[in-house]
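Let me begin by presenting the structure, written as structure tokens, before commenting on it.
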There are 2 protein chains.
Amino acid sequence: MANRFIDKIERFAPLGADDIECLAAATSTPRKFAARRDLIREGDRPGPVFVILEGWACRYKILPSGARQVLAFMMPGDCCDLHIALLAEMDHSIQTITPALVATIERQDMDAILDERRAVAKAMYMSQLVDEGIMRAWITSMGRRQSIERVAHLMCELYLRARNIGLTTESQFALPLSQLLLADALGMTPVHLNRVLKALRLSGTMTLERGSLLITDPAKLIQIAGFDENYLHRRLRVAS
Amino acid sequence: MANRFIDKIERFAPLGADDIECLAAATSTPRKFAARRDLIREGDRPGPVFVILEGWACRYKILPSGARQVLAFMMPGDCCDLHIALLAEMDHSIQTITPALVATIERQDMDAILDERRAVAKAMYMSQLVDEGIMRAWITSMGRRQSIERVAHLMCELYLRARNIGLTTESQFALPLSQLLLADALGMTPVHLNRVLKALRLSGTMTLERGSLLITDPAKLIQIAGFDENYLHRRLRVAS
DNA sequence: CGCTGGATTGACTCGGATCAAGTCGAGTGG
DNA sequence: CCACTCGACTTGATCCGAGTCAATCCAGCG
């Protein structure tokens, strides 16, 4: 049975059979969650590290006004901050988007892995650095990109991440995110997002429908987004 | 001689005399940099970890259009990602804002410290988690806050961070950031930022001039910002 | 003392928000 | 099998926050 977390981590640094076994053991008893279920809420005391094995989740914040800002999308293989247990309180919530299979790693186990398994620790730190890079890209998008560029950029990011874990076929992949959720991630209104998606569709760039994204003109999408193809993958130092 | 980095780190976890000595040694040969000098550029191979001892710096990205997005402000005591050396290439640049005193910690030294000094490692991980929290707050600001709220929120953040390291007097502190730089951080135009600052000044909330921020009505500033006072400090788990 | 880069202000434009109706499709129950 | 409902998606009309363009103003300084 595939473990998408191990698959992903393994891409960052070569792991020994015992490393893999150790990770497999740590994530061997995942739990099933329904869609739209909070795994942890803002204000909660952080517990174990969450690892998404199947399905999608997101980090988000709710503002006093009631507005929601999605901070990150988590797809199979993703996990949350390694040292999260050091904080007294979550500053954001994490919620499933689709039904999901989620493993948890307790703090001591996590610490033990990071201490004793250097290769695993290295791979996981790299993964975390990539996630930070994604956050920086989001800040850049929200601050300095027009809405159509922002949408295109996010789609590039999600496509590449999905491809990295083998979830794409050709230039298409399952993207189970409602327009409302995407709008909350992109800092725009659902109405305007809808218009932007229409424009992208009419220009023959990409089509998002029935939970699936089809990129009809990758070059154009990348050009609209001003996407730096290096940003998610080639930046990683090859085994040093 | 005060070492603002140690002062800051020490607030996160109790350190032994030997821990402090070790950090002091690691940052004992800082270098002076002029203002507006890149410490490292996007595309560069990451080197040592930078530690700002005196002065201000910022992380930023330049878009193909030439627009700049500032990703973070670094003040005395701040340092960049601990595991930065794992990446093949920087995805952003770091530049001094004012003349600055910057120490560097080589990769092996950093690894050794994180390995052997558990208290130091813990404190530094907490510091990094706080920085990540700040990034999430920035994403939230850019996505879901009006410009005046965004400005107020950033000022609250900077004030608190400055206060934490003892750089404030009453409700005032040195803020050597030009309106242009602030605009690039807030995702707005300098012209509009100027108007927002004027509005905040006229409403008796705060005044930013000649490199110094004076908060005349803290309660009002917090209220405009929708600032969660917990977000930078009380979230830290007290020595566990 | 003129130069230069930031700060300030005004006039005008525009991207995206808001408000308000629909439309469409998957369930659900009669 | 069809009416009913509910949530997500669409579309049109209008408004407004923030961007753009273009002058000044001003302080530090070579």
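So that the names make sense, note that chain A is the first sequence line, chain B the second, and so on, each numbered from 1. Just so you know, these numbers use all the heavy atoms, side chains as well, and skip hydrogens, waters and symmetry mates.
- Between the side chain of A:R195 and the base of C:dT18 there is at least one donor-acceptor pair of N/O atoms closer than 3.5 Å.
- If you take NE2 of B:H192 and C1' of D:dG19, they are 9 Å apart, rounded to a whole angstrom.
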Exercise for review: Show the numbers, then the answer: is there a side chain to side chain contact (heavy atoms under 4.5 Å, CB included) between A:L63 and B:R145?
Suggested key: CA-CA 9 Å; A:L63 296 180; B:R145 278 193 257 262; 3.7 Å; yes
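- With B:R59 as the fixed residue, the salt bridge (charged side-chain N to carboxylate O under 4.0 Å, His left out) test singles out one of B:D184, B:D91, B:D81: B:D81.
- Note on A:G187: only backbone sugar-phosphate atoms sit closer than 4.0 angstrom, heavy atoms only; bases stay farther off.
- Mapping A:R201 and B:V191 onto DNA chain D by nearest heavy atom places A:R201 closer to the 5' end of the strand.
- When rounded to the nearest whole Å, the span between CE of A:M142 and C1' of D:dA18 equals 16 Å.
- Residue B:K198 has a polar side-chain atom (N or O) positioned under 4.0 Å from OP1 or OP2 of C:dT9.
- Taking only side-chain nitrogens and oxygens, A:Q146 never comes nearer than 4.0 Å to OP1 or OP2 of C:dG15.
- When rounded to the nearest whole Å, the span between CG of A:L186 and C1' of C:dG16 equals 13 Å.
- Atoms CG (B:L181) and P (C:dG5) sit 17 Å apart, rounded to a whole Å.
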Exercise for review: Go through the steps for B:I84 and B:F50 under the test side chain to side chain contact (heavy atoms under 4.5 Å, CB included), then give the verdict.
Suggested key: CA-CA 10 Å; B:I84 192 72; B:F50 292 108; over 6 Å; no
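- Neither OP1 nor OP2 of C:dG15 sits under 4.0 Å from any side-chain N or O of A:S147.
- A donor-acceptor pair is defined here as one N or O able to donate and one able to accept, closer than 3.5 Å; such a pair exists between the side chain of A:R161 and the backbone of A:F73.
- Under 3.5 Å, the side chain of A:R150 and the base of C:dG16 form no donor-acceptor pair of N or O atoms.
- When the C1' atom of C:dG6 is taken as reference, atom CZ of B:R36 falls 10 Å away, rounded to whole Å.
- Mapping A:T189 and A:R210 onto DNA chain C via the closest heavy atom, the residue that lands nearer the 5' end is A:T189.
- In this structure, CE of A:M188 is placed 16 Å from C1' of D:dG17, rounded to the nearest angstrom.
- Atom-to-atom, CG of A:N194 to P of D:dT11 comes out at 6 Å; the value is rounded to the nearest Å.
- Residue B:L180 contributes atom CG, which lies 7 Å from atom P of C:dA7 at whole-angstrom precision.
- With B:V196 as reference, B:M188 is the one residue of B:Q146, B:M188, B:E149 to meet the side-chain contact (heavy atoms from CB on, under 4.5 Å) rule.
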